[in-house]
Amino acid sequence: MNIYEELTKEMKELEEQGLLVNIRTLESAQGAWLNMNGKKVLNMCSNNYLGFANDERLKKASIKAIEEWGVGPGAVRSIAGTLTIHNTLESELAKFKHVEDTLVVQSGFNANQAIIPAIMRSEDAILSDELNHASIIDGVRLTKSKKYVWKHKDVKSLEEALKKADSENAKRKLIITDGVFSMDGDVAPLPEICDVAEKYNALVMVDDAHGEGVLGSNGRGIVDHFGLHGRVDIEVGTLSKAFGVVGGFVAGKKELIKYLKQKARPFLFSSSLSPAESGAALEAIKILTENDIEVKKLWDNGKYFQEKMREMGFDTGETVTPITPVMLYEAKTAKKFSSRLYEEGIFASAIGFPTVPKGKARIRVMISAAHSREDLDFALEKFKLIGKELEII
Ligand SMILES: *Cc1c(COP(=O)(O)O)cnc(C)c1O
């Protein structure tokens, strides 16, 4: 067999196991409603929490930035690709998040590749929640540090790992956790993590991709939500979810950000955001600084939808955020439910193994401030219909 035959064979096997990713194409811009396959469907799949991805104010700011700064940065940030608009974005983001400084890179994924390998050496220890995001896992893989994986959200298990790292003479110890875990909508016990970190003199890093623009006052994130300013050393965030644009960042102390500008490889070796993206992200920060209309609407929508779903008898799992898992347990049931929803005009994806553990299949409903009450009522009616049909409720 040549390589192409091998790849085709492997994908056939994935297909037989129901693990092949089906890549759908949106035939209209992000929003509450989408065109897909020539059909209009209610969008309950995207991370466009605040509806900013197609917001007129962000679009205008983006066009204005193109007119002033052009379309591309022309070089990596460290050679000739740092424009004033990049510096403004970093300082405005720092002000918004109440941190000393930020470093913006191409994506949230790259933000983890920027920070973790830059500061972690072979004599150090990384302590990672077992359900951390793939971009954290890959960032950790780029280091020679010792790895200690602790049980999901289990601070006792974390403390055991810290003890072990100490007994193995770790120098720097870095605890890493997602802020909001996107498959269940649950939140890291960050205050308790900070307590145990202080006891063992470890650093705390949180990747708040699903919390930026969602948790905390005006969407300032999980650190603000728990009032932990000054106790969390490193925040990683994304501009690609609630902020509606694309990009990622690291937020923390001045010395750290200065150091990253010398050492972070995605910053040094890959061109950064375009002016269009930077301008739109700046507008999102401006909107969020001035008001929390969209953040409030997102939470109101989440609360309304989840309450009605529970009243009907659905199991919405462990969520404490607008992310709504509808637990169906059997992968086959989840798939069937999702395809019936699509027939009824709702785009909500089934999620099964290996993204979530076996026997924990679900429909994951992503609530957005872009949804109207009528949209949510439409969805609730269809969930009821199909829930009865498949004898879930
Ligand atoms: C989505 C996500 C990322 C990646 O963010 P992008 O900006 O899309 O690259 C990183 N970390 C976590 C925890 C995420 O949920």
Side-chain angles (χ1 to χ4, degrees), residues 22-66 107-108 180 182 185 209-214 218-219 238-247 274 276-277 279-288 290-306 308-309 321-326 338-339 341-351 363-383:
N22 174 17
I23 298 165
R24 297 176 186 85
T25 302
L26 313 189
E27 291 150 5
S28 59
Q30 279 294 349
W33 292 83
L34 300 171
N35 293 333
M36 282 174 61
N37 288 320
K39 183 176 163 145
K40 195 176 163 206
V41 291
L42 182 67
N43 177 13
M44 304 199 106
C45 266
S46 76
N47 303 318
N48 182 24
Y49 288 110
L50 303 176
F52 283 174
N54 192 31
D55 184 284
E56 289 306 321
R57 297 164 293 182
L58 271 73
K59 289 204 288 199
K60 269 210 190 94
S62 205
I63 292 164
K64 193 158 163 268
I66 289 177
S107 67
V180 175
S182 64
H210 284 271
E212 302 290 354
V214 175
N218 296 44
T238 182
L239 303 170
S240 329
K241 286 169 182 157
F243 282 75
V245 195
V246 74
S274 70
E277 292 153 349
L282 269 166
E283 184 65 20
I285 295 164
K286 181 164 171 272
I287 294 168
L288 287 173
E290 284 168 2
N291 72 71
D292 62 356
I293 296 170
E294 286 84 3
V295 178
K296 274 226 168 81
K297 178 141 187 243
L298 167 68
W299 282 89
D300 285 348
N301 278 353
K303 209 168 152 234
Y304 178 77
F305 186 78
Q306 287 170 10
K308 297 278 177 196
M309 286 292 282
T321 63
I323 295 172
T324 311
V326 181
S338 172
S339 64
L341 281 169
Y342 188 79
E343 284 168 14
E344 296 289 336
I346 294 174
F347 177 37
S349 60
I351 295 178
I363 303 278
R364 187 180 60 156
V365 176
M366 298 302 275
I367 299 292
S368 168
H371 293 132
S372 68
R373 234 348 111 78
E374 295 73 50
D375 294 339
L376 298 178
D377 286 336
F378 172 79
L380 288 163
E381 187 190 303
K382 299 303 183 188
F383 267 95

For the pair Tyr49 and Asn301, evaluate side chain to side chain donor-acceptor pair (under 3.5 Å) and give the outcome as yes or no after the intermediate values.
CA-CA 11 Å; Tyr49 288 110; Asn301 278 353; over 6 Å; no

Apply side-chain contact (heavy atoms from CB on, under 4.5 Å) to residues Arg364 and Ser182 and explain how you reach the verdict.
CA-CA 9 Å; Arg364 187 180 60 156; Ser182 64; 3.7 Å; yes

Are the side chain of Gln30 and the backbone of Gly51 linked by a donor-acceptor contact shorter than 3.5 Å?
no

From Asn37 atom CG to Phe347 atom CZ, the distance as rounded to the nearest 0.5 Å
10.0 Å

Is there a side-chain contact (heavy atoms from CB on, under 4.5 Å) between Ile367 and Trp299 once you walk through the steps?
CA-CA 9 Å; Ile367 299 292; Trp299 282 89; over 6 Å; no

Donor-acceptor pair, distance only, cut-off 3.5 Å: does the side chain of Ser372 make one with the backbone of Ala370?
no

Thinking salt bridges, do Glu294 and Arg57 make one under a 4.0 Å N-O criterion?
yes

I'd like to know if the side chain of Arg373 reaches the main chain of Tyr304, judged simply by a donor and an acceptor atom lying under 3.5 Å from each other, with no hydrogens or angles considered.
no

Is the count of non-hydrogen atoms from other residues, nucleotides or ligands lying under 6.0 Å from Lys286 atom NZ greater than 12?
no

With a cut-off of 6.0 Å (strictly less than), are more than 12 heavy atoms of other residues, nucleotides or ligands near NZ of Lys382?
yes

Side chain Glu283, main chain Ser62, donor-acceptor under 3.5 Å
no

Under a 3.5 Å distance rule, please check whether Ser240 uses its side chain to pair with a backbone N or O of Val245 as donor and acceptor.
no

Would you say the side-chain atoms of Thr25 pair up with the backbone N or O of Met36, donor to acceptor, closer than 3.5 Å?
no

Partners passing ring pair (Phe, Tyr, Trp, His ring centres under 6.0 Å) against Phe378 (at least two apart in sequence or in another chain):
Trp33

Does His371 reach the main-chain N or O of Asn43 with its side chain, forming a donor-acceptor pair under 3.5 Å?
yes

For Gly211, is there any backbone N or O sitting under 3.5 Å from a side-chain donor or acceptor partner on Lys241?
no

For Lys59, is the NZ atom crowded, meaning more than 12 foreign heavy atoms sit under 6.0 Å from it?
yes

Counting N and O atoms only, with roles assigned by atom type, does the side chain of Lys39 sit under 3.5 Å from a partner on the main chain of Tyr342, one being a donor and the other an acceptor?
yes

Quick one: does Asn48's side chain have a donor or acceptor within less than 3.5 Å of a partner on Phe52's backbone?
yes

